[in-house]
Amino acid sequence: MPRPLVPPVVREQAALTELRREVRAFLVGQVRDGAFVPHVDTWLTRWDRDFTRELARRGWLGMVIPTAYGGQGRTYLERFVVTEELLVAGAPVAAHWVAERQIGPSLLRYGTEEQKQAFLPAISRGELVFGIGMSEPDSGSDLASVRTRAERVEGGWRLTGTKVWTSGAHEADAFFALARTSPLDPAHRHDGLSQFIVDLRAPGVDIRPIVSMSGDHHFNEVHLGGVLVPDDRVLGRIGDGWQQVTSELGFERSGPERVLSTYPLLAEAASAMDDGRLPFDAGLGRHVARVAALHQMSFSVSAALESHADADVAAAAVKVLGTTEEGDIADYVDTLTATGWDVDDELSTLLHAALLQRPGFTLRGGTNEILRGVIARGLGLR
Amino acid sequence: MPRPLVPPVVREQAALTELRREVRAFLVGQVRDGAFVPHVDTWLTRWDRDFTRELARRGWLGMVIPTAYGGQGRTYLERFVVTEELLVAGAPVAAHWVAERQIGPSLLRYGTEEQKQAFLPAISRGELVFGIGMSEPDSGSDLASVRTRAERVEGGWRLTGTKVWTSGAHEADAFFALARTSPLDPAHRHDGLSQFIVDLRAPGVDIRPIVSMSGDHHFNEVHLGGVLVPDDRVLGRIGDGWQQVTSELGFERSGPERVLSTYPLLAEAASAMDDGRLPFDAGLGRHVARVAALHQMSFSVSAALESHADADVAAAAVKVLGTTEEGDIADYVDTLTATGWDVDDELSTLLHAALLQRPGFTLRGGTNEILRGVIARGLGLR
Amino acid sequence: MLTDVFDRYRSERPAPAATVDLDRALWARLESLGLTRLSTPEAAGGSGGTWLEAAALLSISAAAGAPIPVAEHDVLAAWLLAAAGLPHDGDLRTVCRPDPSGVAINVTWARDASAVVALWEDRDEWRVADVPVDRVVITEGRNLAGEPCDTVEFDLDDLEEGTVVDHEIGEQFHLRGALARSAQVVGAMERILEIVLVHAGEREQFGRPIGRFQAVQHLIADIAMETSLARAATDTAVARAAASDWRDPGMLFAVAVAKSCAGHAASVVVRGSHQVLGAIGTTLEHELHVLTRPILVRRSEFGSVHEWDETLATLAASAGRDRLWSLITTGRAGSRR
Amino acid sequence: MLTDVFDRYRSERPAPAATVDLDRALWARLESLGLTRLSTPEAAGGSGGTWLEAAALLSISAAAGAPIPVAEHDVLAAWLLAAAGLPHDGDLRTVCRPDPSGVAINVTWARDASAVVALWEDRDEWRVADVPVDRVVITEGRNLAGEPCDTVEFDLDDLEEGTVVDHEIGEQFHLRGALARSAQVVGAMERILEIVLVHAGEREQFGRPIGRFQAVQHLIADIAMETSLARAATDTAVARAAASDWRDPGMLFAVAVAKSCAGHAASVVVRGSHQVLGAIGTTLEHELHVLTRPILVRRSEFGSVHEWDETLATLAASAGRDRLWSLITTGRAGSRR
């Protein structure tokens, strides 16, 4: 028998189910009180610092950060179920998304003691908002080709270059920036890269909007015009940047947000088939089955990560299958829908947002073409 | 505006529609009289020399062969509609398939006058049955790698090697064999290949069955153990083999048999939705739409070929889309069907045959992966 | 001529934006060339073109992402007015089908029109009314493509005073609208193929143009193939319409095939083109969404993709084993044997 | 232990053929190891395993393409007999649901069984009867996989004398059968992934292994991913069944998800594996069809793929916006708010 690609199925413990209920009850109340209107792809498009701080007050932020650093000291699986409930409810989670998913775990793994104490408590309170600066105009899927350079200066490094697709940079406090600390060596393209913790209000930082085709502003170009970063804001060791971003991309690969970005639309479509706004069609069942199986697969990968098992290939599989499914849900509902403009119809509001956000699903965090290659390599094909 | 991939749509002239009616009336009578039972993929799996000769008697064989060589001297479009009607009816057309599609046109283009007179009249009467010998055990999609070699001897050539996937060789009279007449030059892999007209009853020819997973015998391995082929049975000029097989593959790329191999199953499924054997499902409409559009696209390519317009890319597109659709029809009907064993049910007989034949659809005549590359190249991508 | 007009439009047009408004300069230019009433009979003040010319204009203008009401004003409104024997002053019109209460939703360009042509079904009769905008209430909206897409409320008296037309006009309206949308979708997809090819040849990743990667080649081949299939289906329906002036009883089938193929092709082309273009293709400043957003709007107008598939499934099931091929080749199943 | 038995079977089995017959030697070997009644309670003479062990055996035997009635004899027939309180002598049994006239079609292994266990619905009552083969009429047939697949005609008296069982047994039979089929389909797909990987690493075209081509890599990645998804869905249902002994009210949803995912995965895996293997994979002598043919049979048994999708769509629509997530995570929608 071949070794399965996916870690063994894990059943949800009662305590997790209870945690779900708590979060769900809170979210139902928030919607009822008008604190937010459920939406799709909220981890990119719905930014609400108040909501983020409210989550922190309830103990649902900084979940995997140890209590010593102001976090909750809970498990990845606990964070997993909280994340699922937030996405399923279409809650505004963009403000803390990057910090909660990547920055916190990365600081814990690579940061100095001083950095942990400086950032983790504020992240856990929802008061410090982070972005990520990996991509560049010409880098695309080929991260090793980044051109932002960090030059050694007295007491630190001076960063020059341009980062793109930094979501929320115009609202965030700081970001991780990947830069070349030594020139590109074609034979060892992944060497000579380092990450820096950059204050987005520092002199020399210029943030310009990249407006999306929906007309919304989520992404930014961040120009670093010789920004001075002190030595104590180097993440880990100089030269370890590639290893760090690879592991950060791993953190972000198989989470619930790779499956559930359009879940509110799927749920609305189910209601629409019940009340006749959409024709009944068996295809709905197929999509529900895939979401249910992906929920389980993603949970299994999280459990494997919790126990430090190797799950890179499985994580890539979750991302390819999940992000494809997110988009397929939008396309499926669209093929069932005759155009009828109606601002009051929740279905069409969600559908239109899903269609406009969809192209990003299978691009962000590594394109599906790149990830199929990762899977093929994991299977021994090259 | 970009130059469309597909030649302009051509409407069917009244004379062609009338020809359809004649052929259709004949076929309805044949089914009624029990001359054949409609089946899927009959151009590979249903061999009937009597039926083939009957078609010849009615003027529906050797259609594009000039009357001077015993053919009908009709157009490619006339042959097209006759072919469609035969396939749609699920008629047993395998015996004359290769000769009618490839061998006749190739002899007309490349053959000597003596060869034309020797073979074309008998082909047109349905009395001479041809096979094709291109593939070899290790060649697969890489035809230039064939190893069968032809050595110069007194008065001719001596062929040694093994051909595979020769459909009907055990029933056929002769075949075209592609062989190396000079050693492989890695820098010019397509040079040094030639085609020979080989009598399958000649000494040194050994034909062994390759049984398909259905348990049926359609394919063969043909071992050529130093078979003597006289000089007058070289096709065209020595060294022109690559150009010849490329053009023959072009002939076979976009015909109705790349769309209609499972048409009898689609038609039966339509009836089954009408009488309740299958649940009504909108997916049927989607497949009917694709078959209808492919019928038109294939017809347009034939019209372009008739007028010697360049349609290589369009032909490759028809083959990829059409053969995928043939298989998708089988898979679609299968997902609607709960297993119920019933020998008397025409639907399950056709479905099972379609499922077993399906893997070949997207492999034979150039795999879809190779053909997508042909299309990409045609679009200027490499 | 058509190509020149729209090449010029593309070189001069404003930068892509989230919303688009009627381009009155372009419309005036088309008017001066006799292209705004291309398919209207000469007797009625039009250019007397056939559906062949109308479909070409629809495809080319859609390929340019030009915000003009070719389908609404010419192909539908002018035709309805001619069918009803009503005059057409040449001013911009849009068209809609109000519900029994006199409300029509999803009316593109209503705010820009001087009159709205309504097709109204009332107690088994179909009526056509040419209602000046000052007699309707317009609530402005935007569709997924950011185009003006308004709600129009009519005075029921205006509709009841409309001219009675044949039943077949009511049925044909849906078919003509659907085929116009197919022609627009296919035109936009053909332009997308161009954009994708240019990008794949220029954009480098891992040291070579992305068009050299087999995965990208296959995405693009799929875009090209689906577009071709939709083109073949649409042109077949257009040719049948032109040859018979929509009298061919096979029009329903032909239009359904076109709408189904174009609708499903849209899924492949929109997804695949954005995938090849990458993040840059999702930005407001890029041309791609000027094409992909309207494609998604148009494929769902005049019947969803699913509805047209259902129509075809119904026709096919009713034709059955022995008559399906006749349906596919002629659009008519013929009588049962 | 399981792995050893089936590794040995695969190394010794006859060459692939168009038809397959019960392998009595393998069956005897499994019997000696207590594996033919793995999931039967010890009190009833079985090994007392749970569905976890039963599903593992189903997957492993399917991966080996082993022609043995694990699902029919143990998981279904032995369970029905135990549920009815009827004795089981350990001899080979198959299982079926005869229609009101006493005829059951599509009964795998009937000709090889010593008795056929029938589940029969008669005037709102469900009955189980253990009928010796000498009291039934068997008409032999073969399914798409070439397996014995017979029609069985019962004497109505034998059915009417069957033992009345709870209604839930009738419903569970369909679910247990469907989940057994999912476990078999997934096991076979996992073995196919191995075959495909070996072939892609060995077979050369254009001077390098075909596994180096991106198009082939993507075909294989898709096979691996769909198989993984179906595995996750199936194991989730199996775990829920084992933990609750099928009493969990979420079993219908869990089984439906497994059957839907396995059924759709089969489309991708069967097509993709044959495409990667090329012509050689379509020959009788190749192992591939020993796996692909049974996959297609099993995915359509105990309900078509479409039926299970419809079941899920009905459950989802009924759950609606507010309860769909509860349905997905627990299999139960809960009460409406």
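Keep in mind that the numbers below use all heavy atoms, side chains included, and drop hydrogens, waters and symmetry copies. Within every chain, numbering begins at 1; the chains are lettered A, B, ... in the order of the sequence lines, protein sequences first and strands thereafter.
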Student: For chain A, which residues from residues 206-221 of chain C lie under 4.5 Å away (heavy-atom distances)?
Tutor: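 C:F206, C:A215, C:L219, listed by number.
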Student: About how many Å separate NE2 of C:H274 and CZ of A:F361, when rounded to the nearest 0.5 Å?
Tutor: 12.0 Å
Student: Of the listed residues (C:E301, C:E204, C:E307), which shares the most heavy-atom pairs with chain A below a 4.5 Å separation?
Tutor: C:E301
Student: With a 4.5 angstrom heavy-atom cut-off, which part of A:I370 approaches chain C: side chain, backbone, both or neither?
Tutor: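 It is the side chain, since no backbone atom gets that close.
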Student: Ignoring hydrogens and geometry beyond distance, is a side-chain donor-acceptor pair present between A:T367 and C:Q275 at under 3.5 Å?
Tutor: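 The answer is no; no qualifying pair exists.
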Student: Does the side chain of C:S304 come within less than 4.5 Å of A:L336's, by heavy atoms?
Tutor: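 A:L336 does not reach C:S304 side chain to side chain.
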Student: Please name the pair of heavy atoms, one in C:R271 and one in A:T362, separated by the smallest distance, quoted to 0.1 Å.
Tutor: NH1-OG1, 4.3 Å
Student: Roughly how far apart are A:L355 CG and C:S300 OG, rounded to 0.5 Å?
Tutor: 8.5 Å
Student: With respect to chain C, which residue among A:Q357, A:R364, A:R358, A:R189 yields the maximal number of heavy-atom pairs within a distance under 4.5 Å?
Tutor: A:R358
Student: Charged N to carboxylate O under 4.0 angstrom, C:R299 versus A:D334?
Tutor: yes
Student: Quick one: what part of A:P279 sits under 4.5 Å from any heavy atom of chain C, side chain, backbone, both or neither?
Tutor: side chain
Student: Checking heavy atoms, do the side chain of A:R372, its backbone, both or neither come under 4.5 Å from chain C?
Tutor: neither
Student: Using a heavy-atom cutoff of under 4.5 Å, enumerate the residues of residues 209-219 of chain A that contact chain C, numbered in order, or state 'none'.
Tutor: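 A:I210, A:V211, A:S212, A:M213, A:S214, A:G215, listed by number.
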Student: Can you name the closest pair of heavy atoms from C:G278 and A:L363 and give their distance?
Tutor: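 The answer is C-CD1, 3.6 Å.
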Student: Within the 3.5 Å criterion, strictly below it, is a donor on A:T339 or C:N106 matched to an acceptor on the partner's side chain?
Tutor: no
Student: Which bit of C:R298 comes within less than 4.5 Å of chain A, counting heavy atoms only: side chain, backbone, both or neither?
Tutor: neither
Student: Rounded to the nearest 0.5 Å, how far apart are CG of A:L278 and NE2 of C:H306?
Tutor: 9.5 Å
Student: Using heavy-atom distances under 4.5 Å, tell me whether A:S139 contacts chain C through its side chain, its backbone, both, or neither.
Tutor: backbone
Student: Would you indicate whether the side-chain heavy atoms of C:T282 and A:P359 approach each other to under 4.5 Å?
Tutor: yes
Student: So do A:W165 and C:T283 actually touch side chain to side chain, heavy atoms under 4.5 Å?
Tutor: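 Yes, close enough: below the 4.5 Å cut-off.
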Student: Which one, C:L277, C:L296, C:D309, leads in non-hydrogen pairs under 4.5 Å with chain A?
Tutor: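 The answer is C:L296.
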Student: Can you list the steps and then say if A:L356 with C:R293 is a side-chain contact (heavy atoms from CB on, under 4.5 Å)?
Tutor: CA-CA 8 Å; A:L356 292 172; C:R293 290 159 71 208; 3.9 Å; yes
